[in-house]
Amino acid sequence: MDVTYLLDSLNSAQREAVSAAPGNLLILAGAGSGKTRVLTHRIAWLNAVENISPFGVLAVTFTNKAASEMRGRLEHMLDRPLGPMWVGTFHGLSHRMLRAHWQEAKLPQAFQILDADDQLRLVKRLVRGLNLDESVYPPRQVVWFINARKDEGVRSAHLDTPRDDVQVQYQRIYTAYEAACERAGVVDFAELLLRSLELLRDNAPVRNHYQRRFSHLLVDEFQDTNEIQYAWLRTLAGPQCSVFAVGDDDQSIYGWRGARVENMHNFREDFANVEVVRLEQNYRSTGTILQAANALIDHNSGRLGKNLWTDAGDGEPISFYTAFDERDEARFVVERVQHWVEQGGRRDECAVLYRSNAQSRVLEEAMIAASVPYRVYGGMRFFERAEIKDAIAYLRLVCNRDDDVSFERVVNQPTRGIGDRSVAQLREVARERGVSLWQAVPLVSGRAGVALNKFVSLVEQLSASCGDQPLADQIESVVDASGLLAHYQKDQSEKGLARVENLEELVGAARVFSPDSDAIEALSPLEMFLAQAALDAGDAQGESWEDCAQLMTLHSAKGLEFPLVFMVGMEEGLFPHQRTLEDPSQLEEERRIAYVGITRARQKLYMCQAENRRLHGRELFTVCSRFVGELPTELVDEIRPQVQLSRPVYQHPERATPSFLQEQTPYTIGQRVHHNTFGEGVVTDCEGQGKNLRMQVNFESEGQKWLVLAYANLSPLS
DNA sequence: TCTTCAGTGATTTTT
DNA sequence: TCACTGAAGA
């Protein structure tokens, strides 16, 4: 059979990966080296040459977007629908497995999924229920603790013996949380993975079934796998299985949420005869950009090693702009975007990348002032909106009366006279009897009981009226009859109108909803819709495909590319972030974030620093990010701010430090200093002379202080 | 039940 | 600085 068409468009390293004989492979795929191609071509190759059906292959990624892209490309390449093929996210595939084996996994058949917000609410309620102080046990931290334990595969019963009281309480909350989920028949995201791992591990027939079925496992973004995901893969991979793992250790930027780059290192020991293929030819960026990226990441230790190259030309140098302050920085960015557009470029070819979301504001203001349309990535997604979650909660109650999280969410939404007191009373009764809130309703007497009973009959009525209607009609009638629609219609503000629109959109989404192919026929369409909604929260912005400048964090830029990229806020303390400065491994992750940022650019990269930045209400004098210094100087073109009359008089450190200061002391403005009491800081200003010479120092912990040099006992830091 | 005020704390985010 | 939260007041 002629399969050259599968290899023709590939370079030699890509071919080597795609056409390798079955066996374990680790593909080190640099940024822009065509890894999605390699993954899809590999599957097509296995199909054409090794005669492996796509249904004997499992391909796993992290995001729904990546999964559907891979599926789409495969269907196109193999020219047939691949409905039942196992392509999806770790969570999606685990979910599918649990649906198919709910009994073996000891789950109720119609279990539903708790999203992050539901989880937080539940934990908050439990902390209060256990009479613990929320300031000592912040629910967010408790959630983080629980998820981290689950990601390590540790259940509350397996926790180490607690060493102090705080640990005792965390353990209590975790135990109560597990019980609450169990009672309500819900699982959180981490639970999907843990539960399916346990299923595979403890149930030999199930394990054998999947091990026999999947002769090939393909993993995308392998550097982002956490402990449990790696364990899941190892368990799923039978003795005859070939694992094709694609990743880039230099783009591992999710260590803070449990991703373990070590998995890439361990892969070679944990799997037999691993062959390593490096994809280093980059098809995205100019030579200059790649040289800069290579030089930067070379400052990290313990890398698997990889050097990107291109046969495209060097292109333009990287431009570095030192702005006076963050507004000047934003102004500069906007001006460059406008220039790009004047030269015939599109706005959506421009991306402004920042380390933290708070930085977007000034940029947005500048965009608005200059009437440049823009779009900010991230933010509230469709199924996370309050009104949508309300509607979903009603629908969940219709499916499962014992879903306490949903019960609490809507029992008084819209308000129907069931206040905190009534709910507290109900909770108490439910806790005493060990039953769900719903089951506890008949046990509550008095006025609260009457109101609660009305709520109960409302839900019963919603449930009855759903009947055999089509899914969208069911949702429409629940949204209406629950009173939610009327409630939001009362709000005539723009926000209220948007909410009503969203509710209508929810019905629209249901109308076009087609359940995930592989018939989990035992579930009703509504139940499938609800599960899908939790797993795929939808896009942040559906509308407006106007040509917009793109604003996003460096993290969310991963996987994307733009002709023109700005990296703003290149300042110590902001990027690398303050909290990472102490820990070398966290600092290396920051450097990888910078690496990801640089490699997003195709043609032209700008970096900016604002010498004065307002942060948390304080005016800070900043120091340029070390990452800028790590770039080869010959690749960087410095742009100085032009003097403008409208700008406050500004003294640049080198140029404007008063000569007497330079002569008499080792200090300059911008110099880092150490003070015995206040710690470390940066010199931001000075006045006076001789014995009266005073310096203003911005201390990291104490903020701005004026110190008389003669008495202050400062020492300079390099 | 809705509004107002003081306190707080402030990376990165997908599922 | 600012946005969000929880508790207190109308």
Side-chain angles (χ1 to χ4, degrees), chain A residues 60-67 88-96 113-120 124 128 133-135 138-141 143-144 147 150-151 187-194 196 221 224-226 228-229 252-259 326 353-362 377-381 383-384 412-421 487 490-491 531-540 552-559 569 573-581 583 586-587 589-590 592-594 596-597 613-620 703:
Chain A
V60 63
T61 65
F62 277 86
T63 64
N64 292 302
K65 197 175 151 213
T89 63
F90 280 99
H91 294 88
L93 297 179
S94 297
H95 174 239
R96 183 164 166 187
I113 299 164
L114 224 51
D115 72 11
D117 180 64
D118 299 329
Q119 193 184 22
L120 181 62
K124 201 177 272 186
R128 287 181 190 168
D133 185 347
E134 280 176 71
S135 56
R140 279 177 194 285
Q141 216 151 308
V143 165
W144 185 85
N147 289 338
K150 288 194 179 191
D151 286 344
V187 298
D188 60 43
F189 290 130
E191 184 74 26
L192 286 169
L193 283 162
L194 179 53
S196 86
E221 305 279 17
D224 288 339
T225 50
N226 64 26
I228 203 159
Q229 288 158 342
S252 161
I253 59 173
Y254 287 108
W256 52 274
R257 66 178 195 212
E326 71 275 4
L353 311 182
Y354 36 81
R355 176 66 235 267
S356 63
N357 284 309
Q359 288 170 258
S360 78
R361 200 153 117 193
V362 189
Y377 273 69
M380 193 60 71
R381 323 250 296 277
F383 283 101
E384 288 167 355
N412 200 30
Q413 172 71 1
T415 47
R416 46 175 74 88
I418 303 176
D420 288 346
R421 288 201 93 111
H487 170 73
K490 267 192 291 189
D491 183 356
Q532 199 62 38
L535 279 175
D536 186 358
D539 267 330
M552 67 190 83
T553 63
L554 286 150
H555 280 89
S556 40
K558 186 163 154 234
L574 187 60
F575 186 34
H577 195 273
Q578 196 73 45
R579 295 195 180 178
T580 64
L581 297 177
D583 178 353
Q586 285 192 60
L587 202 67
E589 180 152 312
E590 293 288 299
R592 292 192 291 266
I593 298 169
V596 166
R613 182 176 295 273
R614 199 177 199 112
L615 201 63
H616 307 324
R618 305 204 80 103
E619 187 84 17
L620 296 178

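We name chains A, B, ... by the order of the sequence lines, and we start the count at 1 in each one. This structure is a prediction, so every number in the text was calculated from the model and none was measured.
- Nearest to the side-chain atoms of Arg381(A) among the listed nucleotides dT13(B), dT14(B), dT11(B) stands dT14(B).
- Comparing dT15(B), dT12(B), dG6(C) by their closest approach to the side chain of Glu384(A) singles out dT15(B).
- Following rounding to the nearest Å, Leu93(A) (CG) and dT14(B) (P) show an atom-to-atom distance of 19 Å.
- The phosphate of dT13(B) (OP1 or OP2) has a side-chain N or O of Asn357(A) nearer than 4.0 angstrom.
- With centroids closer than 5.5 Å and planes inclined by less than 30 degrees as the test, His577(A) and the base of dT11(B) pass as a stacked pair.
- One atom, CG of Asp491(A), and another, P of dT3(B), lie 10 Å apart when rounded to the nearest Å.
- Per the stacking criterion (ring centres < 5.5 Å, plane angle < 30°), Trp256(A) stacks onto the base of dT12(B).
- Contact check, Lys124(A) against dG6(C): a side-chain N or O comes under 4.0 Å of OP1 or OP2.
- Straight-line distance from the CG atom of Leu615(A) to the C1' atom of dA10(B): 9 Å, rounded to whole Å.
- dA7(C) atom P lies 10 Å from atom CG of Asp420(A), rounded to whole Å.
- With hydrogens and angles ignored, the 3.5 Å screen pairs a side-chain donor or acceptor of Asn412(A) with a backbone N or O of Ile418(A).
- Listed pair Asn64(A) / dT14(B) fails the phosphate criterion, with no side-chain N or O lying under 4.0 Å from OP1 or OP2.
- Both Gly417(A) and Phe189(A) sit near DNA chain B, but only Gly417(A) has its closest nucleotide nearer the 5' end.
- DNA chain B is contacted by both Ala358(A) and Asp536(A); Ala358(A) maps to the nucleotide lying nearer its 5′ end (nearest heavy atom per residue).
- Comparing dT12(B), dT15(B), dT1(C) by their closest approach to the side chain of Thr553(A) singles out dT12(B).
- Residue Arg361(A) places at least one side-chain N or O under 4.0 Å from the OP1 or OP2 atom of dC2(C).
- Rounded to whole Å, the distance from CD on Gln586(A) to P on dT12(B) is 14 Å.
- Closest to the side chain of Glu134(A), from the set dC2(B), dT13(B), dG6(C), is dG6(C).
- Comparing dT12(B), dC2(B), dT15(B) against the side chain of Arg355(A) picks out dT12(B) as the nearest.
- If you check dT12(B), dT13(B), dG6(C) against the side chain of Ser356(A), the one that comes closest is dT12(B).
- Protein atom CG of Asn147(A) is 12 Å distant from nucleotide atom C1' of dT13(B), rounded to whole Å.
- With respect to the salt-bridge test (charged N to carboxylate O, under 4.0 angstrom), the residues Asp115(A) and Arg381(A) do not qualify.
- Relative ring orientation between His555(A) and Tyr254(A) is described as tilted, the plane-to-plane angle lying within the 30° to 60° band.
- Rounding to whole angstrom units, CZ of residue Arg618(A) and C1' of dG9(B) are separated by 14 Å.
- Summarising the geometry, the separation between CE on Met380(A) and P on dC4(C) is reported as 9 Å, rounded to the nearest angstrom.
- Nearest heavy atoms, Thr580(A) versus Gln586(A): CG2-OE1, 3.6 Å.
- OP1 or OP2 of dA10(B) lies within a sub-4.0 Å distance of a side-chain N or O belonging to Arg579(A).
- For Asn147(A) (side chain) and Arg257(A) (main-chain N/O), no donor-acceptor pair under 3.5 Å exists by modelled atom type.
- Nearest heavy-atom pair, Phe62(A) versus Thr89(A), reported as atom, atom and distance to 0.1 Å: O-CG2, 3.6 Å.
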